[in-house]
Chemist: 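Below: one structure in structure tokens.
Remember, predicted model here, so these are calculated numbers, not experimental data. Atoms within a ligand are numbered from 1 in the order they appear, just like the ligands themselves. Residue numbers start at 1 and run along the sequence shown.
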Amino acid sequence: MKAMIINQYGKVPMRLAEMPMPKMGEYEVLAEIHAASINPVDFKMRDGKVKLLIKNKMPLILGNDFSGVVTKVGAKVTQFKVGDAIYGRPRKSKIGTFAEYIAVHEDDIALKPRNLSFEEAASIPLVGLTSYQALHDILHLQKGGKVLIHAGSGGVGTFAIQLAKLMGAYVATTASEAGADLVKSLGADEVINYKTEQFQDRLQNYDGVFDTLGGKSLETSFQIIKSGGKVISVSGLPNARFAKEYGSGFIKTVLFSAASYKLTKLEKKHNVQYTFLFMKPSGNQLRVIADYIECGKIRPVIDRVFPFEDAQKAMEYSEGGRAKGKIVLKIR
Ligand SMILES: NC(=O)c1ccc[n+]([C@@H]2O[C@H](COP(=O)([O-])OP(=O)(O)OC[C@H]3O[C@@H](n4cnc5c(N)ncnc54)[C@H](OP(=O)(O)O)[C@@H]3O)[C@@H](O)[C@H]2O)c1
């Protein structure tokens, strides 16, 4: 099968290669991939920046989410049959969606939302699950709760705004002028132009911040949270609590604890809980998300669709950091 691979970590372009068909486990389905989306984790993995959290073997097929059709099922698969249209985010040891086929555990996929094309469906799994786990599982966002979502016009932000509105929250978001109309159309109640304004001057007493930027934006976010609130980041530093939950060994726990020392101090100062989220695959949560999409409560936001052979161009476009919504690869 054709796949986009790297042979070593570093800023080397992916290349199209002929790879063996994936071997299937008894709880896995073989999916013919129709579309995949580009996520910043793809170039972070390529650069070796996620090595502390995920170990990959070379050559590595990149790509972390997809949509497609089941062509074979393993002996113990109970939830899917040949011909099912699916979408999913494979577990971290089994990534590789920039390819014609993938073997994926049945617990990591769900039926594709019926009202979406394959390209639209492929744009959802990673950002949808990330947003759901942040806003639902960790923040437990309530009706009337106030949340700030950073980088509202990005892949994660465009999904998270819609989900937070669906959960009944009041949503503030940071975006430039170029993304302002888009985030308003998704339901954002308040838009802070991050190029001309400081969000901490305008927002106070928030229940939660969902941060996708890390660095200074993350640290400043503690200032706008009410006592007992939560700051969740997918781009900040993992802390000791994360290391424990993730089952990292002693050395990594000490490393994470030292690296996140400033955030731990901010947690104490503001009486706010800081959580580093490393999203997990979940077919069950993708089913919930498919329901929201089929009811018309959440829609995909796609910036550009690239043909498979232009995957490297698509990756470079993602690295530019200006996408409004998602970047998708059409594979079939
Ligand atoms: N830990 C996890 O499990 C996990 C899961 C998902 C994502 N992530 C991480 O989350 C981050 C965001 O992912 P993504 O897919 O949303 O990225 P993305 O789609 O590439 O984000 C691009 C968007 O960010 C906006 N932006 C850039 N700088 C900004 C700023 N200072 N303030 C407000 N908006 C800004 C840009 O708007 P303008 O062009 O208008 O500036 C653009 O629309 C990535 O670092 C990714 O790796 C982590």
Side-chain angles (χ1 to χ4, degrees), residues 36-47 49-50 52-54 62 64-65 89 91-92 95 122-135 137-138 148-163 172-186 188 190-200 203 209-221 231-239 242 245-246 256 274-282 285 300-304 314-328:
S37 92
I38 307 268
N39 293 283
V41 70
D42 298 319
F43 55 80
K44 291 180 186 175
M45 274 186 170
R46 179 205 61 197
D47 293 347
K49 287 187 179 152
V50 200
L52 264 183
L53 297 174
I54 307 172
L62 291 171
N64 281 275
D65 57 4
R89 190 276 188 256
R91 53 197 57 189
K92 282 142 197 165
I95 67 150
S123 75
I124 301 288
L126 193 139
V127 297
L129 291 169
T130 304
S131 304
Y132 190 86
Q133 289 162 18
L135 301 176
D137 297 353
I138 303 173
L148 165 64
I149 295 169
H150 278 297
S153 61
V156 176
T158 48
F159 191 99
I161 291 172
Q162 298 184 78
L163 181 61
T173 190
T174 51
S176 73
E177 216 176 301
D181 286 344
L182 171 64
V183 297
K184 277 182 213 149
S185 77
L186 298 171
E190 207 165 333
V191 183
I192 295 109
N193 182 340
Y194 75 87
K195 295 198 169 165
T196 56
E197 285 178 84
Q198 310 265 25
F199 64 87
Q200 68 274 24
L203 312 177
V209 171
F210 179 22
D211 167 62
T212 59
L213 296 166
K216 248 300 93 346
S217 296
L218 168 59
E219 287 168 18
T220 310
S221 293
V231 172
I232 299 155
S233 181
V234 287
S235 289
L237 292 160
N239 56 7
F242 170 81
E245 277 162 23
Y246 200 68
F256 289 160
Y274 167 68
T275 304
F276 172 75
L277 167 64
F278 197 41
M279 60 79 60
K280 300 173 193 72
S282 167
Q285 291 185 346
V301 179
I302 296 183
D303 179 308
R304 277 180 78 175
M315 186 87 108
E316 286 162 16
Y317 183 56
S318 172
E319 273 189 278
R322 301 278 76 87
K324 305 289 171 284
K326 293 286 301 177
I327 303 161
V328 173

Chemist: Judged by atom type as modelled, is there a donor-acceptor pair below 3.5 Å linking the side chain of Thr220 to the main-chain atoms of Ser217?
Modeler: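 Not confirmed, Thr220 side chain does not pair with Ser217 backbone.
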Chemist: Would one find an N or O of Ser176, backbone or side chain, under 3.5 Å from an N or O of ligand 1?
Modeler: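 Yes, since at least one N or O of Ser176 sits under 3.5 Å from an N or O of ligand 1.
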Chemist: Leu126: heavy atom below 4.0 Å from ligand 1, yes or no?
Modeler: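 Under 4.0 Å: yes for Leu126.
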Chemist: Ignoring angles and geometry beyond distance, decide whether Leu277 reaches within less than 3.5 Å of ligand 1 through its nitrogen or oxygen atoms.
Modeler: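 For ligand 1, there is an N or O atom that lies under 3.5 Å from one belonging to Leu277.
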Chemist: Geometry only, no angles: is Leu213 polar-contacting ligand 1 at N/O separations under 3.5 Å?
Modeler: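 No, since none of the N or O atoms of Leu213 sits under 3.5 Å from an N or O of ligand 1.
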Chemist: Flag Ser318 as yes when one of its N or O atoms lies below 3.5 Å from any N or O atom of ligand 1, and as no otherwise.
Modeler: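 No; the residue has no nitrogen or oxygen that sits under 3.5 Å from a nitrogen or oxygen of the ligand.
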Chemist: Report the part of Lys326 in contact with ligand 1, treating N, CA, C, O as backbone and CB onward as side chain, heavy atoms under 4.0 Å; options are side chain, backbone, both, neither.
Modeler: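 None of Lys326 does.
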Chemist: Would His150 and Ser235 count as having a side-chain donor-acceptor pair, cut-off 3.5 Å?
Modeler: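 There is no such pair (donor and acceptor under 3.5 Å, judged by atom type) between the side chains of His150 and Ser235.
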Chemist: At less than 4.0 angstrom from any non-hydrogen atom of Phe278, what atoms of ligand 1 do you find?
Modeler: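 With Phe278 as reference, the close atoms of ligand 1 come out as 1 (N), 3 (O).
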Chemist: Would the distance check show the side chain of Thr173 and the main-chain N or O of Ile149 forming a donor-acceptor pair, the cut-off being under 3.5 Å?
Modeler: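 It does hold such a pair.
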Chemist: Select one of side chain, backbone, both or neither to describe which atoms of Ser153 lie under 4.0 Å from any atom of ligand 1, heavy atoms only.
Modeler: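 Both parts.
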Chemist: I want to know if ligand 1 touches Ala323 in the polar sense, i.e. an N/O pair below 3.5 angstrom.
Modeler: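 Min N/O separation from ligand 1 is below 3.5 Å for Ala323.
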Chemist: I want to confirm something. Looking only at heavy atoms, which of Ile232, Thr174, Val234, Val156 is nearest to atom 14 (P) of ligand 1?
Modeler: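 When every heavy atom of Ile232, Thr174, Val234, Val156 is considered, Val156 comes closest to atom 14 (P) of ligand 1.
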Chemist: Using a strict cut-off of 4.0 Å, indicate which atoms of ligand 1 neighbour a heavy atom of Ser235.
Modeler: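 The atoms of ligand 1 under 4.0 Å from a heavy atom of Ser235 are 9 (C), 10 (O), 11 (C), 44 (C), 45 (O).
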Chemist: Counting heavy atoms only, which of Gly154, Gly157, Ala134, Ser131 comes nearest to atom 23 (C) of ligand 1?
Modeler: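 Selected option, by shortest heavy-atom distance: Gly154.
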Chemist: Which residue owns the protein heavy atom closest to atom 22 (C) of ligand 1, what's the atom, and how far is it?
Modeler: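 Of the protein heavy atoms, Gly321 O, 3.4 Å lies nearest.
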Chemist: Which residues pass the side chain to side chain contact (heavy atoms under 4.5 Å, CB included) test with Lys216, not counting sequence neighbours?
Modeler: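 Only Glu219 meet the side chain to side chain contact (heavy atoms under 4.5 Å, CB included) criterion with Lys216.
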Chemist: Would His150 count as a contact of ligand 1 if the rule is a heavy atom under 4.0 Å away?
Modeler: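 No; His150 lies far enough from ligand 1 that no heavy-atom distance drops under 4.0 Å.
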Chemist: Counting heavy atoms only, name the option from Phe159, Phe43, Phe276, Tyr194 that's nearest to atom 32 (N) of ligand 1.
Modeler: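 Result: the heavy atom closest to atom 32 (N) of ligand 1 is in Tyr194.
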Chemist: Only heavy atoms of Lys44, strictly under 4.0 Å: list the atoms of ligand 1 that pass.
Modeler: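 Answer, ordered by atom number: 44 (C), 45 (O), 46 (C), 47 (O).
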Chemist: What I want to check is whether the side chains of Asn39 and Lys326 have a donor and an acceptor closer together than 3.5 Å.
Modeler: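 Yes.
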Chemist: Distance under 4.0 Å to a non-hydrogen atom of Lys324: what atoms of ligand 1 satisfy this?
Modeler: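 Reading through ligand 1 atom by atom, the close ones are 37 (O), 38 (P), 39 (O), 40 (O), 43 (O).
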Chemist: Return a yes/no value for Arg322: is any of its N or O atoms, backbone included, closer than 3.5 angstrom to an N or O of ligand 1?
Modeler: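 For ligand 1, there is an N or O atom that lies under 3.5 Å from one belonging to Arg322.
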Chemist: Return a yes/no value for Met279: is any of its N or O atoms, backbone included, closer than 3.5 angstrom to an N or O of ligand 1?
Modeler: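 In this structure, Met279 places an N or O atom under 3.5 Å from an N or O of ligand 1.
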Chemist: Can you tell me the protein heavy atom closest to atom 17 (O) of ligand 1 and the distance?
Modeler: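 Result: Pro40 CG, 3.6 Å.
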